[in-house]
Student: 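Once you've had a glance at the structure underneath, I'll fire off some questions.
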4 protein chains.
Amino acid sequence: MTESRRGRPRDTDIDERVLRAATAMLLEHGYAGLSPNEVAERAGVAKTTLYRRWPTKDHLAIAVVARLQEDDEITDTGDIRRDLTGYMVKIAAALERMRSAGRPAGDHDASAGVVAELVAAGARHDDIGRLGREVFARRNALALALITRARERGELRPGLDPVVLLDQLAGALYYRVLITGAPVDRAYTERLVATALDGARN
Amino acid sequence: MTESRRGRPRDTDIDERVLRAATAMLLEHGYAGLSPNEVAERAGVAKTTLYRRWPTKDHLAIAVVARLQEDDEITDTGDIRRDLTGYMVKIAAALERMRSAGRPAGDHDASAGVVAELVAAGARHDDIGRLGREVFARRNALALALITRARERGELRPGLDPVVLLDQLAGALYYRVLITGAPVDRAYTERLVATALDGARN
Amino acid sequence: MTESRRGRPRDTDIDERVLRAATAMLLEHGYAGLSPNEVAERAGVAKTTLYRRWPTKDHLAIAVVARLQEDDEITDTGDIRRDLTGYMVKIAAALERMRSAGRPAGDHDASAGVVAELVAAGARHDDIGRLGREVFARRNALALALITRARERGELRPGLDPVVLLDQLAGALYYRVLITGAPVDRAYTERLVATALDGARN
Amino acid sequence: MTESRRGRPRDTDIDERVLRAATAMLLEHGYAGLSPNEVAERAGVAKTTLYRRWPTKDHLAIAVVARLQEDDEITDTGDIRRDLTGYMVKIAAALERMRSAGRPAGDHDASAGVVAELVAAGARHDDIGRLGREVFARRNALALALITRARERGELRPGLDPVVLLDQLAGALYYRVLITGAPVDRAYTERLVATALDGARN
DNA sequence: GATTAATCGAGACGGTACGTCGTGTCTTACC
DNA sequence: GGTAAGACACGACGTACCGTCTCGATTAATC
């Protein structure tokens with residue numbers, strides 16, 4: 001099955017070095033400050049090598065953030081409010097991390113460059129868009145299952161559409177970060193979940 | 001009060017011509033297809049003149065969409081659900097308009113490039129970010145007032161936070177367009193408002 | 001004869017102010033540093049006014065240097081060597097003055113920008129070229145007459161072509177300043193005249 | 001000795017194509033008509049590539065004329081007058097070639113734009129100035145050696161300064177082309193050399 | 001062990017959009 | 001009609017950035 005490769009095998013260490021350098025640049029200097037040229041130089045790698053793995057700056061950027069979010073998980077304690085709050089807090093934290101990228105410390109009350117650029121990247125390249133949507137779909141599937149289970153055990157009203165609920169919750173966070181620039185701290189997140197669940201309860 | 005200007009006054013017709021050309025290019029060919037150079041040429045205007053008013057391609061793009069949304073208004077019929085639905089439909093329509101920008105007809109089930117690029121522009125330039133947030137703040141202020149009035153006349157429960165409600169509604173739309181790529185048609189919009197108001201009723 | 005002008009007469013003080021400012025800029029920052037825009041501002045004059053008198057930056061520059069050389073005169077003492085030396089020294093001095101324009105002090109061993117730019121200006125605009133050649137022709141006419149008189153009174157050999165002699169002398173100075181960058185100090189000038197006259201004597 | 005280069009080597013053919021295109025434009029349309037942009041296009045080369053080799057339009061122009069003069073050589077027949085005349089004729093021819101650049105045919109009795117612009121370029125950029133002076137120094141070294149040899153074998157008087165003689169000859173040509181606009185045809189050149197040697201003979 | 005195929009390093013090359021710079025003209029109001 | 005102020009036109013220039021291509025040198029698998 002695994003086609004036997006010929007020729008020199010890829011140096012697996014390179015991925016690590018490149019992504020580390022790219023992550024640093026992206027978080028420190030924002031999307032515009034992420035230069036494949038410079039990433040290659042800092043990682044001690046040829047541009048050819050870099051582009052063989054990530055055919056585009058956009059792809060590289062996506063790879064960076066994908067790796068950053070790998071560890072996000074969803075827990076199911078049986079208390080829907082608590083579980084959703086936990087999930088939202090993780091999302092909010094991730095957003096906050098990128099919101100301040102490329103900005104002087106403390107200047108994160110503005111809006112979020114990197115996230116927007118990544119979304120734009122998804123629009124520029126079909127594969128990135130697909131990949132991004134898949135990532136979110138996979139992550140959200142867990143949350144949707146969570147909601148569905150809560151509904152089935154009677155915590156939520158029967159007619160509730162889990163997708164709409166999730167849109168409301170996650171959407172509010174993204175909306176604040178991307179559009180209005182309002183904070184998405186823990187207090188807000190809890191109030192948000194509480195409000196949404198008020199009408200969702202059975 | 002009206003400071004008497006000296007020197008040749010700005011030709012107000014130029015704004016019109018430039019923005020018209022820019023709007024066409026932005027909606028037809030997307031953000032990458034918006035070229036200040038070509039806009040100037042099509043508008044019959046010197047590049048210098050264009051850059052005097054919009055110092056950056058980003059500024060020009062923002063001016064375009066700002067003008068596109070000028071006419072969006074909010075009506076207050078006394079029926080909060082109807083009014084909010086109307087508002088959301090308008091937002092959804094605007095998003096849909098930009099989502100398909102620069103894409104072959106029918107290919108709008110992908111995600112939204114222009115919107116994301118504009119958000120990114122807001123992150124690249126402080127003044128654009130401020131301006132964008134002001135526009136949204138002004139527009140949302142009307143919606144917030146609407147919600148507040150509905151709450152005062154007893155349509156909504158007393159403890160409801162209008163901001164959170166609005167975040168949930170508008171956020172869901174942006175979230176679907178920008179992140180998940182799900183449709184934001186009328187049916188969804190109505191379901192969204194209904195769901196959100198379920199828990200908000202008195 | 002003098003056509004009776006109508007309207008507001010030109011402010012003669014303006015010529016003075018503008019040329020003074022232009023001279024300063026030209027000598028301090030070289031030809032590229034002479035900006036009509038800035039000259040107008042420094043002279044407290046509108047650009048319109050400036051361009052009404054000097055239709056081009058080139059014309060303005062020429063006017064500046066023409067004024068600088070107004071006082072160059074030729075003396076006829078009866079000693080052809082002495083007179084020619086005097087003339088050449090004046091030319092050399094003028095060249096040295098412009099050679100150092102726009103350069104840090106002491107850095108005049110390079111070549112001469114302003115002179116070259118003025119020559120180029122003469123090539124760009126026919127009128128400037130004509131005017132320049134006339135100025136040189138007028139000045140040289142005096143020198144040629146000087147040589148002719150010396151030849152007639154037997155100081156120089158009969159077959160000598162005054163034009164060729166003058167070309168050799170003035171040419172050598174310009175050649176050094178413009179092309180080779182060699183110095184044109186008094187010692188060189190004297191040696192030059194002596195050498196040229198060696199073969200010109202009767 | 002030959003340092004082993006790494007990376008993709010420069011395409012030597014590009015210099016050829018670019019310089020050929022630039023030469024054509026410079027000689028046909030003068031200095032203002034030499035557009036790096038268009039040169040790149042005509043040579044089928046990216047602007048980046050062009051600017052990597054000639055960082056400025058001035059540098060490109062200098063490279064063009066430097067190549068034009070590469071083939072100028074000096075012959076030593078033992079007859080100093082003949083040799084110097086030959087050299088001067090070559091210089092005059094080169095000057096005449098550039099004098100008519102960018103002007104309608106027959107309109108070359110004006111003055112010389114390109115030469116002046118090149119001199120100006122030498123003043124704008126130190127490296128160009130140095131390079132230009134080196135080129136002239138190298139070429140003149142041969143002529144100076146010629147003169148020295150003639151002096152040593154008794155054709156010229158012992159006290160003659162070769163540099164001064166060369167200044168007189170070459171200077172006269174440049175002076176006429178750049179300043180007075182007088183012709184530098186063969187007849188004049190011969191008369192010039194004859195006159196200068198009159199006083200230089202032993 | 002020789003060959004082969006793919007990777008890596010280095011840097012030139014292509015393409016193109018962007019914004020700047022500089023001159024000179026034009027349009028106001030004012031004198 | 002001259003003057004002040006500043007917008008406007010025109011166009012060249014150079015830069016920045018991304019991504020491709022071309023070398024030579026390496027490395028591992030295969031014959």
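Labels below follow one simple rule: chain letters A, B, ... track the order of the sequence lines, proteins then strands, and each chain is numbered from 1.
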Student: Round to a whole Å and report the spacing from CG of D:Leu50 to P of E:dT16.
Tutor: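 In whole Å, E:dT16 P and D:Leu50 CG are 16 Å from each other.
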Student: Do the side chains of C:Asp13 and C:Arg17 get close enough for a salt bridge, i.e. N-O under 4.0 angstrom?
Tutor: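 Yes, C:Asp13 and C:Arg17 are salt-bridged.
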Student: CD of C:Glu41 versus P of E:dG24: gap in Å, rounded?
Tutor: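 Result: 17 Å.
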Student: Let me know the distance between CZ of B:Arg124 and C1' of F:dC17, rounded to the nearest Å.
Tutor: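 For the pair B:Arg124 CZ and F:dC17 C1', the rounded distance is 14 Å.
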Student: Going from CG on D:Leu19 to CG on D:Leu26, what distance comes out if it is rounded to the nearest 0.5 angstrom?
Tutor: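 One gets 11.0 Å once the value is rounded to the nearest 0.5 Å.
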Student: Using a cut-off of 4.0 Å between protein heavy atoms and nucleotide atoms, how would you tag nucleotides 6-13 of chain F 5' to 3' with B, S and -?
Tutor: BBBBB-BS
Student: Please report, rounded to the nearest Å, how far the C1' atom of F:dC23 is from the CG atom of D:Asp13.
Tutor: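 Going from D:Asp13 (CG) to F:dC23 (C1'), I get 17 Å.
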Student: Kindly state which residues belonging to residues 58-65 of chain A come within less than 4.0 angstrom of DNA chain F, counting heavy atoms of the residue only, listed by number.
Tutor: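 Contacting residues: none.
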Student: Is any NZ, NE, NH1 or NH2 atom of the basic residue among D:Lys57 and D:Glu117 found under 4.0 Å from an Asp or Glu carboxylate oxygen of the other?
Tutor: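 Between D:Glu117 and D:Lys57 there is no salt bridge, as every charged N stays at least 4.0 Å from the carboxylate O atoms.
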Student: Would you indicate whether B:Glu16, at its atom CD, is surrounded by more than 12 heavy atoms from other residues, nucleotides or ligands within a distance under 6.0 Å?
Tutor: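 Yes, because the 6.0 Å sphere around CD of B:Glu16 holds more than 12 heavy atoms from other groups.
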Student: Which whole-number value in Å describes the distance from D:Trp54 CH2 to E:dA12 P?
Tutor: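 From D:Trp54 CH2 to E:dA12 P: 14 Å.
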Student: Calculate, to the nearest 0.5 Å, the distance between atoms NE2 and OH belonging to C:His59 and C:Tyr51 respectively.
Tutor: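 C:His59 NE2 to C:Tyr51 OH: 11.5 Å, rounded to 0.5 Å.
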Student: Find out whether A:Val119 and B:Val115 are in side-chain contact, i.e. whether some heavy atom of one side chain is under 4.5 Å from a heavy atom of the other.
Tutor: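 Side chain of A:Val119 against side chain of B:Val115, heavy atoms only: no contact under 4.5 Å found.
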